[in-house]
Amino acid sequence: MIEQRYRTDILVVGAGPAGVAAAFRAAESGARVLVVDDNPQCGGQIWRADSKKALDKDATKWLDRIRDSSVKFLGGLKVFDRPEPGVMRAEGFDQVVACRFEKLILATGARERFLPFPGWTLPNVTGSGGLQALVKAGLPIEGKRIVVAGSGPLLLAVAGYLKERGAKIQIIAEQTRRFDLVKLGLRLLKCPKKLQQAFDLKMKLQGIPYLTNCWPVSASGRNAVESVTLQQGPKEWAVSCDYLACGFHLLPNTELAELLGCRIEKGSVWVDEFQETSVQGLYCVGESCGVGGLELALVEGEVAGWAATNLKEKARERFSERRKWRGFAAGLNRAFELRRELKKLPTPETFICRCEDVPFSRLQSEHSWRSAKLQTRCGMGPCQGRVCGPATEFLFGWKTESVRPPVFPVRLGSFVPSSAGDAPAES
Amino acid sequence: MLGHSKMTTAGFDVAIVGAGVVGAACALECARAGLRVIVLDRDPIGGGTTGAGMGHLVVMDDSEAQFALTRFSCSLWNERGVELPPEVEYQKCGTIWVAADEVEMAEVHRKQDFYSSRGVAVEVLDYRQLAEAEPNLREGLVGGLLVRDDSVLYPPCATRFLIEKAQQQGAVLRLNSTVASLGSHGPVLSDGSVVSAGITVNAAGISSPQLVAGIEVQPRKGHLLITDRYPGFLNHQVVELGYLKRAHSVTSDSVAFNVQPRKNGQILIGSSRQYGNREKGIDALLLRQMIRQATEYMPELKNLSTIRAWTGFRPATRDNLPFIGPHPNNENICLATGHEGLGITTSLATAELLVDQLLKRPSKIPYEPYLPGRSGERRADA
């Protein structure tokens with residue numbers, strides 16, 4: 001295992017749109033900027049490279065910008081620890097990286113929220129974004145019957161993508177109420193760009209039923225999912241399928257920020273007007289400080305990139321635009337709030353923690369996340385509670401606990417610098 | 001689980017403060033003796049030192065008194081092993097004390113004499129037998145001592161098992177109850193109410209000195225790591241003999257190679273000892289030392305995926321023996337605290353010795369060495 005050491009003015013963790021925008025703006029002042037991401041390439045989840053489909057104009061513009069800038073990008077690295085202030089450690093396939101920095105910008109994005117229902121752990125039941133990522137990585141999907149379910153705008157985007165790639169989308173089941181979506185639609189009228197996106201998607205999804213007030217109550221199949229039972233009002237019916245792509249909107253990835261001591265508010269990293277967290281010199285941008293979509297992520301990234309390099313006036317110029325997208329984001333998140341009925345989905349046998357095989361029945365007698373962890377080992381497996389933590393928060397109202405290193409599972413040896421004494425040259 | 005609001009209970013014979021493994025064992029022993037007992041804790045069952053530790057049931061030979069207590073307690077666990085439910089993950093995997101050089105091998109033989117002359121089944125392993133027993137240990141080690149009857153378990157579930165058995169025999173459990181102090185009529189809760197009890201047992205571990213004056217218990221911080229599942233990688237609890245040299249230093253931080261197999265194939269990796277550090281956070285430097293020490297003995301560990309690191313605090317006394325018995329200045333208060341890293345091992349014996357004293361029953365081993373009123377001098381060898 002090789003250990004690489006770096007020294008930089010600005011370290012950006014996460015190379016999605018927010019991280020890319022932050023890195024690009026920070027580099028404008030001549031600061032040394034290093035971006036690390038666990039994907040091999042820049043772009044994050046939303047701009048993930050796809051061999052069969054060109055990226056859109058926005059993505060190309062920003063990815064070209066970053067490529068032509070002085071920003072250094074290191075892919076395939078998971079940041080897992082801060083062994084001392086001003087240093088982060090990251091693990092890659094065959095290397096460990098230790099990076100010393102002056103300022104840090106976190107752009108760790110969001111993940112899908114999974115809610116447990118009978119059959120949710122069957123093979124071929126995936127997240128909605130999860131299935132999209134699998135297809136981008138080469139999973140053949142042509143002719144496959146897919147039910148897309150859960151909540152959030154991602155369902156539509158994923159359905160549109162999968163349809164383009166030749167999948168047969170059986171149905172899109174959105175749990176939220178029609179009324180809330182209409183309200184959101186009215187907001188769209190104020191955002192021509194979003195309206196255009198929505199219109200394009202609608203055209204793409206023509207002929208596919210999009211049901212609101214509708215959610216999966218169970219999935220079944222012998223070796224993999226074969227059928228999904230959906231519920232809408234009093235009606236319950238089964239739809240046969242090869243895949244169930246199911247995610248319930250997005251959750252900010254706050255673990256790294258928590259490890260660094262940042263204040264978390266309502267599940268997101270708290271930031272001031274310059275995107276600085278409660279820890280001085282540490283900024284947070286994009287979905288990790290509140291799910292808000294691409295445009296908000298970009299503008300937050302720009303604000304932080306400039307603010308971190310003392311170009312605060314430039315940063316200020318973006319405040320009004322950011323306000324607009326934050327307003328939109330707030331409407332979006334309200335529109336896709338989870339309905340209470342979803343708490344009734346698990347049966348006593350339904351696994352809530354799939355790493356440690358903890359069924360719903362074993363958790364019902366516990367009173368807190370801590371006692372559940374201690375007594376049932378819920379959340380103690382390799383996902384470190386990323387899936388079952390939010391699920392139990394929704395189901396039982398439990399609050400998860402402090403984050404400890406490693407933020408992701410890593411090889412034991414990655415904690416330890418390769419040479420105890422002399423440090424190798426820093427690049 | 002009970003949910004009384006304000007305390008208006010007519011009274012208990014015994015109130016136990018602390019629902020860790022020691023408090024749980026005491027509750028069960030009291031209930032079995034027919035005493036009316038209540039257990040109080042602000043946290044979940046086993047949420048303190050109990051939940052942070054490894055769960056190694058081990059016979060120790062630091063001193064005759066420590067040997068007597070650990071051996072007696074291990075025999076109690078072995079008797080109960082059959083009735084422990086599967087989630088307790090009780091496994092009689094044995095301990096291997098590893099000797100890295102000839103000096104440590106001499107210690108192996110000294111230990112062998114000590115244990116076998118006192119009837120504990122041990123077996124000296126040469127370097128070949130050691131490699132056979134634990135193929136992932138590095139080459140070049142000299143040998144080891146296998147203590148067959150040592151075992152491991154998962155402490156939080158073991159603790160709940162003891163509490164639930166106590167509840168079946170009439171004990172009352174009240175969680176989310178913060179005890180502010182110990183009065184002469186029973187524990188005083190943070191809301192000012194008193195749980196009236198004839199005897200109060202302070203089993204609050206590292207918090208025990210805050211409840212009543214005159215107890216010298218210091219938190220001794222430790223770090224642990226746990227890996228993903230690697231069934232077959234490790235077969236015994238494996239501890240370096242150098243551990244004995246370092247673990248009881250009360251002046252400096254120390255690390256030692258100490259690994260434990262869980263039933264599901266996960267491996268717990270320890271250990272560290274620090275005095276005077278009350279921060280809950282990971283000490284990155286010490287964690288690294290601990291990992292270096294572990295991979296020094298078992299190089300392949302460094303390629304195993306690590307899921308979590310955490311810290312805990314052991315309630316340590318000056319002479320490395322727990323306090324079991326009446327408080328020297330208050331006959332209504334008993335102590336069951338100060339078990340350092342041996343609380344899981346010695347909990348059952350602690351409970352028996354405590355109830356023997358309460359009921360003036362004859363005890364199976366002498367309880368005098370653990371009396372809180374002992375001189376408490378730090379022994380030279382400790």
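A, B, ... follow the sequence lines: proteins, then strands. Residue 1 opens every chain.
- Of the two parts of B:Leu285, neither the backbone nor the side chain holds a non-hydrogen atom closer than 4.5 Å to a non-hydrogen atom of chain A.
- A:Ser368 pairs by the side-chain contact (heavy atoms from CB on, under 4.5 Å) definition with A:Arg370, A:Ser371, B:Pro44, not counting sequence neighbours.
- Neither the backbone nor the side chain of A:Cys383 comes within contact range of chain B, judged by heavy atoms closer than 4.5 Å.
- Ranking B:Ala294, B:Cys157, B:Gly281, B:Pro155 against chain A, the residue ahead of the rest is B:Cys157, based on heavy-atom pairs under 4.5 Å.
- Below 4.5 Å, heavy atoms of chain A meet heavy atoms from B:Arg262, B:Asn264, B:Gln266, all part of residues 259-266 of chain B.
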>> Does B:Lys280 form a salt bridge (Lys or Arg N to Asp or Glu O under 4.0 Å) with A:Glu401? I'd like the steps, not just the answer.
In response: CA-CA 13 Å; B:Lys280 280 188 181 173; A:Glu401 294 178 307; over 6 Å; no

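- In this view, A:Trp398 and A:Phe396 satisfy the ring-ring contact (aromatic ring centres under 6.0 Å, His included) rule, not counting sequence neighbours.
- No more than 12 heavy atoms of other residues, nucleotides or ligands lie within 6.0 Å of CZ in B:Arg42, so this atom counts as exposed by the packing criterion.
- Around atom CD of A:Gln41, no more than 12 heavy atoms belonging to other residues, nucleotides or ligands sit under 6.0 Å away.
- Distance check, rounded to the nearest 0.5 Å: CZ of B:Arg292 to CZ of A:Phe415 gives 13.0 Å.
- With hydrogens and angles ignored, the 3.5 Å screen pairs a side-chain donor or acceptor of A:Gln384 with a backbone N or O of B:Ile307.
- Nearest heavy atoms, B:Ile291 versus A:Leu412: CG2-CG, 3.7 Å.
- Side chain of B:Tyr154 to backbone of A:Gln375: no donor-acceptor contact under 3.5 angstrom is found.
- Here the closest heavy-atom approach between residue A:Leu374 and residue B:Gly51 is recorded as CD2-CA, 3.8 Å.
- Atom CD of B:Glu139 is surrounded by 12 or fewer heavy atoms from other residues, nucleotides or ligands within 6.0 Å.
- The backbone N or O of B:Thr306 lies less than 3.5 Å from no partner atom in the side chain of A:Arg411, so there is not a single donor-acceptor pair.
- The contact between A:Glu366 and chain B is made entirely by side chain atoms (from C-beta outward), counting heavy-atom distances below 4.5 Å.
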Residues 225-232 of chain B, side-chain donor-acceptor partners within the protein, below 3.5 Å, at least two apart:
residue: B:Thr227; atom: OG1; partner: B:Ile267; partner atom: N; Å: 3.1
residue: B:Arg229; atom: NH2; partner: A:Glu356; partner atom: OE1; Å: 3.4
residue: B:Tyr230; atom: OH; partner: B:Ser305; partner atom: N; Å: 2.7

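- The two residues B:Ala309 and A:Arg404 have their closest heavy-atom pair at O-CB, 3.4 Å.
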